[in-house]
Amino acid sequence: MRYWLMKSEPDVYSFDHLVADGETYWDGVRNYQARNMMRDDMQPGDRVLYYHSNTKPPHVAAVAEISRAGYPDPTQFDPNEKYFDPKASPEKPRWYVVDLKPVARLKQTVPLADLKANPALEGMLVIKKGQRLSVQPVDKEHFDAVVAMGGGLAG
DNA sequence: GCCAACGTTGGC
DNA sequence: GCCAACGTTGGC
């Protein structure tokens, strides 16, 4: 099993929204590095730190789980979609999604500043300056440390 | 609102 | 194939 961090702007798609939906496909990723991870590396059962970006403060909010491995992003084929890609076709898809379902909130959210302040998280991608990848691999040790910083899983 | 970081595009 | 221009991300 692998561990990941996925960023979402809470105004766009918060963890609460995921809970309300029960499950979602993670559409709209248009970055090749992130695409490759979703297409090639993510497997059902993998655990995900659900990170809220572009909010004050940015923070890890919850844990989610991959519920379906990578498959072509349906939004790339639809001209009415924001994420339509004219260079993609069902025969030659460019972009991939995974399905995600909620596991649980952390008892307390963990702000980015706290992640940066924890020496045990040295090397974690999300705390690096200029790191914009919206899907990132996370070491198990780092994953467990972040969950512990959040007081464990709620409920 | 600013701007650093960085990925992508397109002219040459 | 280089690289300048441009667009986006996302913290601050």
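From a predicted model like this one, the values you see are computed outputs, not experimental measurements. Note: hydrogens, waters and symmetry copies are ignored here, and every other heavy atom, side chains too, is used.
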Just list the side-chain donor-acceptor pairs under 3.5 Å for residues 146-155 of chain A, sequence neighbours left out, or say none.
none

Per-pair distances, 0.1 Å, donor-acceptor, side chain in residues 102-109 of chain A, under 3.5 Å, sequence neighbours excluded:
residue: A:Arg105; atom: NE; partner: A:Asp16; partner atom: OD1; Å: 3.4
residue: A:Arg105; atom: NH2; partner: A:Asp16; partner atom: OD1; Å: 2.3

Which donor-acceptor pairs under 3.5 Å do side chains of residues 111-132 of chain A form with protein atoms, sequence neighbours excluded?
residue: A:Asn118; atom: OD1; partner: A:Ala120; partner atom: N; Å: 2.9
residue: A:Gln131; atom: OE1; partner: A:Leu133; partner atom: N; Å: 3.0

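Scanning for ring-ring contact (aromatic ring centres under 6.0 Å, His included) contacts around A:Phe77 gives an empty result, with sequence neighbours left out. For the side chain to side chain donor-acceptor pair (under 3.5 Å) test, residues two or more places apart in sequence or in another chain that qualify with A:Tyr32 are A:Arg94.
Under the side chain to side chain donor-acceptor pair (under 3.5 Å) criterion, the residue pairs touching residues 139-151 of chain A are A:Lys140-A:Asp144, with sequence neighbours excluded.
DNA chain B is contacted by both A:Lys56 and A:Gln33; A:Lys56 maps to the nucleotide lying nearer its 5′ end (nearest heavy atom per residue).
Taking a 4.5 Å side-chain heavy-atom cut-off between Ile, Leu, Val, Met, Phe, Trp and Tyr, the cluster of A:Val97 extends to A:Tyr25, A:Tyr71.
Contacts between residues 115-136 of chain A and DNA chain B, counted as heavy-atom distances below 4.0 Å, involve A:Lys129, A:Gly130, A:Arg132.
Taking the six-membered ring for Trp and the full ring otherwise, the centers of A:Trp26 and A:Tyr50 sit less than 6.0 Å from each other.
Nucleotides of DNA chain C with any atom under 4.0 Å from a heavy atom of chain A span, from 5' to 3', C:dG7 to C:dC12.
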